[in-house]
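Values below: all heavy atoms of this structure, side chains included; hydrogens, waters and symmetry mates excluded. Computed from a predicted model, the values in this text were never measured in an experiment.
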Amino acid sequence: MDPNVEDQPIAIARANISKLHNAVQLLRRVYFLTSRGTREAAVVPVDLGELVKDVGGVDAAVAILKATKENR
């Protein structure tokens, strides 16, 4: 696993879960798990995951972030 590459194939991430965990927790990196080159999921620091939950879930967080991005 290359910690500098944000797209990680699921099989490689699975084989290197400790390294992935450390990079997310300690370096505060976001990684995208891919299958056949397509992003399927993201691994994010816990505080970001908790904020997503607090605002009503993924769909609500996406709507908030898109609105914020459009108002820049």
Side-chain angles (χ1 to χ4, degrees):
M1 181 188 128
D2 181 350
N4 296 315
V5 177
E6 64 182 19
D7 286 2
Q8 298 288 330
I10 292 170
I12 292 173
R14 183 183 303 121
N16 294 283
I17 193 70
S18 292
K19 290 179 184 177
L20 183 70
H21 168 265
N22 288 339
V24 171
Q25 182 185 27
L26 300 174
L27 302 176
R28 303 198 43 77
R29 298 284 313 268
V30 172
Y31 292 97
F32 297 96
L33 303 181
T34 63
S35 177
R36 296 185 175 105
T38 301
R39 288 179 172 177
E40 299 283 334
V43 182
V44 301
V46 69
D47 55 343
L48 179 55
E50 289 172 345
L51 286 171
V52 167
K53 186 178 175 189
D54 288 348
V55 299
V58 174
D59 293 337
V62 168
I64 291 166
L65 291 169
K66 281 183 178 180
T68 301
K69 185 177 178 181
E70 290 171 1
N71 291 329
R72 285 188 199 171

Indicate, with yes or no, if [Y] and [X] share a hydrophobic cluster defined by side-chain heavy-atom contacts under 4.5 Å among Ile, Leu, Val, Met, Phe, Trp and Tyr.
X: Val43; Y: Leu48; result: no
X: Val62; Y: Val52; result: yes
X: Val58; Y: Ile64; result: no
X: Ile12; Y: Val24; result: yes

Interatomic distance, [X] atom [atom1] to [Y] atom [atom2] [nearest 0.5 angstrom]:
X: Lys19; Y: Asp2; atom1: NZ; atom2: CG; result: 10.0 Å
X: Leu20; Y: Leu33; atom1: CG; atom2: CG; result: 6.5 Å
X: Asp7; Y: Thr38; atom1: CG; atom2: OG1; result: 10.0 Å

Next on the checklist: Considering only residues two or more places apart or on different chains, which pairs with a residue in residues 40-59 satisfy side-chain hydrogen bond (donor to acceptor under 3.5 Å, both in side chains)?
Outcome noted: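 Sorted result for residues 40-59: Arg28-Asp47.
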Item to check | Pairs involving residues 8-17, ordered by first then second residue, that meet side-chain hydrogen bond (donor to acceptor under 3.5 Å, both in side chains) (sequence neighbours left out) | outcome: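 Matches after skipping sequence neighbours: none remain.
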Checklist entry - At their closest point, which heavy atom of Ser35 faces which heavy atom of Ile10, and how far apart are they? => result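 Heavy atoms of Ser35 and Ile10 come nearest at CB-CD1, 4.2 Å.
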Item to check | Minimum-distance pair of heavy atoms, taken over all atoms of Ala23 and Tyr31 | outcome: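 Ala23 and Tyr31 have their closest heavy atoms at CB-OH, 3.2 Å.
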Item to check | Beyond-backbone contact of Ile17 with Met1, side-chain heavy atoms, under 4.5 angstrom | outcome: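 Side chain of Ile17 against side chain of Met1, heavy atoms only: no contact under 4.5 Å found.
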